[in-house]
Amino acid sequence: MKRTHHCNELRPSHAGETATLCGWVHSRRDLGGVIFIDIRDREGRTQTVFDPSDLAPELFALAGSLRSECVVSVTGKVRARPAGTNNPKIATGEVEIHASSLVVLNYAEVLPFPVDDPETAAKVNEELRLQYRYLDLRRPEMARNLRVRSKAATATRVFLDEQGFLEIETPTLFKSTPEGAREFVVPSRLHPGQFYALPQSPQQFKQILMVAGVERYFQLARCYRDEDLRADRQPEFTQVDIEMSFIEREDLYSLVEGLLKRVWSTALGMDIPTPFPRISFQEALNRFGIDKPDTRFGMELVDLTEDFRASAFKVFSGTIAQGGVVKAINAKGMAGATQGQIETMTDYAKSFGARGLAFIKVEKGEWKSPIVKFFGDVEKEALRSKLGIEEGDLILFAADQWLNACEILGKIRLYCADILKSQGKLVIPPNRFNFLWVVNFPLLSFDKEQNRWYSSHHPFTAPVDDDIPLLTTDPKQVRGQHYDVVVNGVELGGGSIRIHQPDMQKMIFEQILQIPSDLVKARFGYMLEAFRFGCPPHGGIALGFDRLVAILCGTTSIRDVIAFPKTAKGTCLMTDSPASLEPKQLRDLHLECRVPQKD
RNA sequence: GGGGGUGUAGCUCAAUUGGUUAGAGCGCUGCCCUGUCACGGCAGAGGUUACGGGUUCGAGCCCCGCCACUCCCGCCA
């Protein structure tokens with residue numbers, strides 16, 4: 001049975017050699033007199049031929065009894081195929097194995113769905129694919145995704161090792177830190193009534209490792225968040241977690257640029273240009289209406305506030321008088337938008353608290369709009385020149401406070417792009433990767449309901465040095481030393497330079513975030529204490545590894561790049577988890593369930 | 001927690017306004033076939049229309065409930 005070659009290896013130069021292939025029956029073509037069986041393994045597939053004229057009848061019958069996905073070992077002489085019978089579709093298409101022996105290592109029952117035909121298999125209900133994940137993963141596209149993931153992980157480790165980083169594991173049994181994401185909780189048998197929590201990220205450990213003098217740490221860290229799922233969010237996911245001492249922001253940018261350059265080159269053979277453009281949070285919102293802009297297409301937001309400050313159209317001028325702004329985008333080629341599409345966009349606007357959505361359709365040389373009659377000639381001319389209005393355009397307006405107006409149009413911009421893509425009017429090459437850094441986020445945001453400030457990112461983020469005096473006088477204006485790396489409108493990761501002075505950290509916790517002193521001590525006391533014993537300045541980043549691999553693989557769902565993902569309700573259809581416990585297990589854990597146990 | 005979509009043969013899908021025995025392709029089973037590679041030909045089996053109620057002379061289709069999958073909002077420091 002010993003395998004001599006894999007199924008993507010044999011070429012005409014091997015003719016005359018005896019070879020043994022092991023793998024799955026990909027397809028069987030029984031012509032009555034001669035049987036062709038394609039053997040598939042992880043690398044590819046190779047045709048074998050069973051010819052009754054030189055085979056024992058039992059062996060020929062055995063070949064005839066095979067069906068799809070049986071596991072076999074076939075031995076025979078490699079030979080060039082007869083003239084005119086080459087198969088140019090596969091790499092081994094010029095040769096075949098003239099079988100002299102066949103061992104059936106295992107039979108396969110009829111499969112619940114086909115794995116041999118990519119077009120059919122790709123359309124199979126995901127529920128079924130998840131239930132029989134081991135079959136789904138046999139499909140070449142899924143096998144390729146696993147391989148890309150492995151390549152990306154290895155490239156990451158090699159690159160960071162070259163850069164002097166140590167890979168260090170941190171605990172997955174941690175404790176609850178109620179800020180941030182909801183946590184998965186693990187009961188303790190040895191400590192009745194006490195619980196571990198699975199970490200939402202190794203944030204605190206990696207900072208402690210800097211205090212420990214590690215200087216350069218990384219980990220492909222599994223993280224856990226008990227929040228609702230999305231196509232790009234799973235309850236357990238993997239981060240490339242990085243932390244470095246004695247650095248400033250620029251040091252980290254160039255490290256991550258080098259890392260991503262290496263990953264793209266290893267996984268896709270592509271050179272991505274570095275350094276990445278930098279854009280401030282302010283500019284990202286002003287131009288794209290979102291803090292993770294997709295810059296692969298234009299349709300940028302245009303500010304019209306000054307043009308409408310004195311407008312007769314009170315909806316605009318009134319908003320401006322109250323400190324708001326008027327902005328617009330030009331969705332080129334969307335004048336034919338349907339009533340339903342306009343309504344969807346209006347609903348977006350309303351979900352942000354706007355009263356409605358103003359628009360102009362430019363059709364047959366006319367500006368069709370419920371509001372254009374309120375505009376003066378100067379205003380119309382400003383629109384025409386600033387927005388570059390032409391036949392077939394759809395202009396969409398937002399008049400609101402700055403952030404709201406930006407976010408409304410940002411949402412609509414992406415919606416319009418999707419429509420234009422589906423109509424073929426906007427074409428984005430699949431190998432286009434627009435990386436950029438978004439920087440200078442506000443350190444703090446205000447929670448109106450609770451009447452207090454909270455960290456935009458997390459409470460360990462250092463303020464920009466120049467803004468430190470503003471912490472007590474004008475917190476809103478304080479910029480954080482936080483950065484996000486974005487590609488094609490996807491937030492790939494984020495991080496920051498951390499606070500390394502214990503006094504500053506304590507001040508942020510207690511005075512700015514208004515966390516009571518005793519709570520700070522209970523939750524973060526060990527950290528503040530650590531900082532007092534010689535903490536180097538440090539910073540880091542966490543990259544969403546699943547998202548990164550999904551982008552490399554050209555898919556929008558990270559389920560396609562995770563071997564055994566959870567469903568949208570957080571269950572595993574293959575293993576049927578989560579599941580109930582035996583009463584004894586509950587007793588051992590000192591737990592009582594108030595919900596009837598499902599079997 | 002909220003909103004949208006889907007659920008019909010093993011798989012992918014169809015089924016006019018609520019109307020006869022729920023169809024097709026692939027797969028599967030049997031027979032035939034010595035150069036196929038989406039092999040081909042002939043024949044055949046296969047259905048609790050997710051599930052539970054209701055309306056109706058009659059429900060795959062309409063109504064109510066429920067389950068699963070999925071997308072989005074909230075949520076994800």
Side-chain angles (χ1 to χ4, degrees), chain A residues 26-40 45-55 60 64 67-69 81-90 92-93 96 98 109-132 135 177-183 200-201 203-204 223-235 237 344 347-348 350-352 411 414-415 418 443-445 447 453-461 480 482 491 494 496 508-509 513 515 523 544 556-557 559 566-571 573 598:
Chain A
H26 186 74
S27 71
R28 185 194 56 177
R29 296 175 294 282
D30 184 346
L31 273 63
V34 63
I35 301 172
F36 297 97
I37 290 175
D38 285 359
I39 313 295
R40 185 198 71 239
R45 58 189 231 237
T46 303
Q47 172 167 285
T48 64
V49 192
F50 291 79
D51 187 337
S53 63
D54 55 18
L55 280 180
F60 188 72
R67 62 155 72 102
S68 286
E69 300 303 311
R81 295 193 186 190
T85 64
N86 286 356
N87 182 358
K89 292 181 193 165
I90 59 175
T92 60
E96 62 191 11
H98 184 211
E109 291 183 16
V110 176
L111 268 47
F113 62 89
V115 302
D116 57 339
D117 177 9
E119 287 197 18
T120 323
K123 285 162 69 181
V124 170
N125 190 348
E126 192 167 11
E127 198 173 346
L128 207 61
R129 291 174 51 202
L130 289 173
Q131 185 181 349
Y132 299 97
L135 298 180
T177 53
E179 278 82 20
R182 194 177 298 116
E183 297 158 314
Q200 19 183 324
S201 83
Q203 180 64 35
Q204 296 178 43
C223 307
Y224 306 86
R225 293 181 189 173
D226 186 10
E227 298 290 351
D228 285 357
L229 284 72
R230 291 284 189 280
D232 63 351
R233 279 173 15 198
Q234 284 271 305
F237 61 99
T344 302
D347 288 345
Y348 281 142
K350 285 181 176 167
S351 72
F352 281 91
K411 190 99 183 165
L414 292 176
Y415 176 76
D418 278 342
L443 183 72
L444 301 160
S445 309
D447 183 339
W453 294 95
Y454 64 95
S455 299
S456 305
H457 180 46
H458 61 50
F460 313 112
T461 303
H482 172 62
E491 184 192 327
S496 59
I508 296 274
F509 279 142
L513 302 178
I515 305 175
R523 284 182 200 159
T556 51
S557 168
R559 291 190 298 272
K566 303 279 191 286
T567 68
K569 283 245 168 67
T571 66
L573 297 177
K598 291 184 190 169

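The chains referred to below are lettered A, B, ... by the order of the sequence lines, with proteins before strands, and numbering in each begins at 1.
- Within the nucleic acid shown, Glu126(A) comes within 4.0 Å of sugar-phosphate atoms alone, with no base atom in reach, counting heavy atoms only.
- Of all the heavy atoms in Phe237(A) and Tyr224(A), the pair that sits closest is CE2-N, 4.4 Å.
- Residues Arg29(A) and Gln47(A) bring a donor and an acceptor atom of their side chains to less than 3.5 Å of each other.
- We find that Arg67(A) and Glu109(A) are not joined by a salt bridge, their nearest charged nitrogen and carboxylate oxygen being 4.0 Å or further apart.
- When both distances must be under 3.5 Å, the Watson-Crick or G-U wobble mate of G40(B) is C32(B).
- The distance between atom CZ of Phe36(A) and atom C1' of U34(B), rounded to the nearest whole Å, is 8 Å.
- Side-chain proximity of Ala231(A) to C69(B), C72(B), C37(B): nearest is C72(B).
- Residue contacts for Arg182(A): at a heavy-atom cut-off of 4.0 Å it reaches no nucleic acid atom on any strand shown.
- Asn86(A) comes within 4.0 angstrom of a nucleotide base, judged by non-hydrogen atoms across all strands.
- Residues Glu96(A) and Pro82(A) share a closest heavy-atom pair of OE2-CD, 3.9 Å.
- Evaluation of atom-type donor-acceptor distances gives no pair under 3.5 Å for the side chain of Arg28(A) against the base of C39(B).
- Per the geometry, CD1 belonging to Ile37(A) stands 15 Å off C1' belonging to G35(B), to the nearest Å.
- Nucleotide A24(B) forms a Watson-Crick or G-U wobble pair with U12(B), both donor-acceptor distances falling under 3.5 Å.
- Between Ile90(A) and Thr571(A), the residue anchored closer to the 5' end of RNA chain B is Ile90(A), taking for each the nucleotide with the nearest heavy atom.
- Between Gln234(A) atom CD and C69(B) atom P the separation is 12 Å, expressed in whole Å.
- In this structure, Arg29(A) does not reach the U34(B) phosphate: none of its side-chain N or O atoms is under 4.0 Å from OP1 or OP2.
- Between C37(B) and Arg45(A), no contact under 4.0 Å exists linking OP1 or OP2 to a side-chain N or O.
- Looking at heavy-atom distances under 4.0 Å, Arg559(A) makes contact with sugar-phosphate atoms alone, never a base.
- Nearest heavy-atom pair, Phe50(A) versus Val34(A), reported as atom, atom and distance to 0.1 Å: O-CG2, 3.3 Å.
- Nearest approach of Leu128(A) to Pro112(A), heavy atoms of both residues: CD2-O, 4.1 Å.
- Rounded to whole Å, atom C1' of C71(B) lies 14 Å from atom OH of Tyr415(A).
- Side chain to side chain, Glu183(A) and Thr177(A) meet the donor-acceptor criterion of an N or O pair below 3.5 Å.
- Here the closest heavy-atom approach between residue Tyr454(A) and residue Leu513(A) is recorded as CA-CD2, 3.8 Å.
- Rounded to whole Å, the separation between the C1' atoms of G18(B) and U49(B) comes to 15 Å.
- For the P atoms, the distance from G19(B) to C62(B) is 11 Å, rounded to whole Å.
- The shortest heavy-atom contact between Ile90(A) and Arg81(A) is CD1-NH2, 4.4 Å.
- Counting only heavy atoms from C-beta outward, the side chains of Arg45(A) and Asp116(A) never approach each other to under 4.5 Å.
- Applying the Watson-Crick and G-U wobble criteria (two distances, each under 3.5 Å), C69(B) pairs with G5(B).
- C75(B) and G65(B) are spaced 28 Å apart, taking the P atom of each and rounding to whole Å.
- Using a 4.0 Å cut-off, some side-chain N or O of Lys411(A) falls inside it from OP1 or OP2 of C73(B).
- OP1 and OP2 of C37(B) both lie 4.0 Å or more from every side-chain N or O belonging to Thr46(A).
- For the C1' atoms, the distance linking U8(B) with G2(B) amounts to 30 Å, nearest Å.
- Distance check on atom C1': G53(B) versus A38(B) gives 46 Å, rounded to whole Å.
- Taking the C1' atoms as reference points, G27(B) lies 7 Å from G10(B), given to the whole Å.
- In this structure, Leu31(A) atom CG and C31(B) atom P are separated by 17 Å, rounded to whole Å.
- Among the nucleotides A38(B), U70(B), C72(B), the one closest to the side chain of Arg230(A) is C72(B).
- For C67(B), the OP1/OP2 oxygens have no side-chain nitrogen or oxygen of Lys569(A) closer than 4.0 Å.
- Taking atom P in both G35(B) and G30(B), one finds a spacing of 23 Å when rounded to whole Å.
- The shortest distance between the side-chain N/O atoms of Ser351(A) and the OP1/OP2 oxygens of C73(B) is not below 4.0 Å.
- Nucleotides C33(B) and A22(B), compared at atom P, are 37 Å apart to the nearest Å.
- In this structure, CZ of Arg233(A) is placed 11 Å from C1' of C72(B), rounded to the nearest angstrom.
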Would you list the protein and nucleotides 7-15 of chain B atom pairs, both N or O, that sit under 3.5 Å from each other?
{"residue": "G10(B)", "atom": "O2'", "partner": "Pro112(A)", "partner atom": "O", "Å": "2.6"}
{"residue": "U12(B)", "atom": "OP1", "partner": "Asn125(A)", "partner atom": "N", "Å": "2.8"}
{"residue": "U12(B)", "atom": "O2'", "partner": "Lys123(A)", "partner atom": "NZ", "Å": "3.3"}

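- Here the C1' atom of nucleotide C71(B) and the CD atom of Glu127(A) are 15 Å apart, to the nearest Å.
- To the nearest angstrom, P of G35(B) lies 13 Å from CD of Glu96(A).
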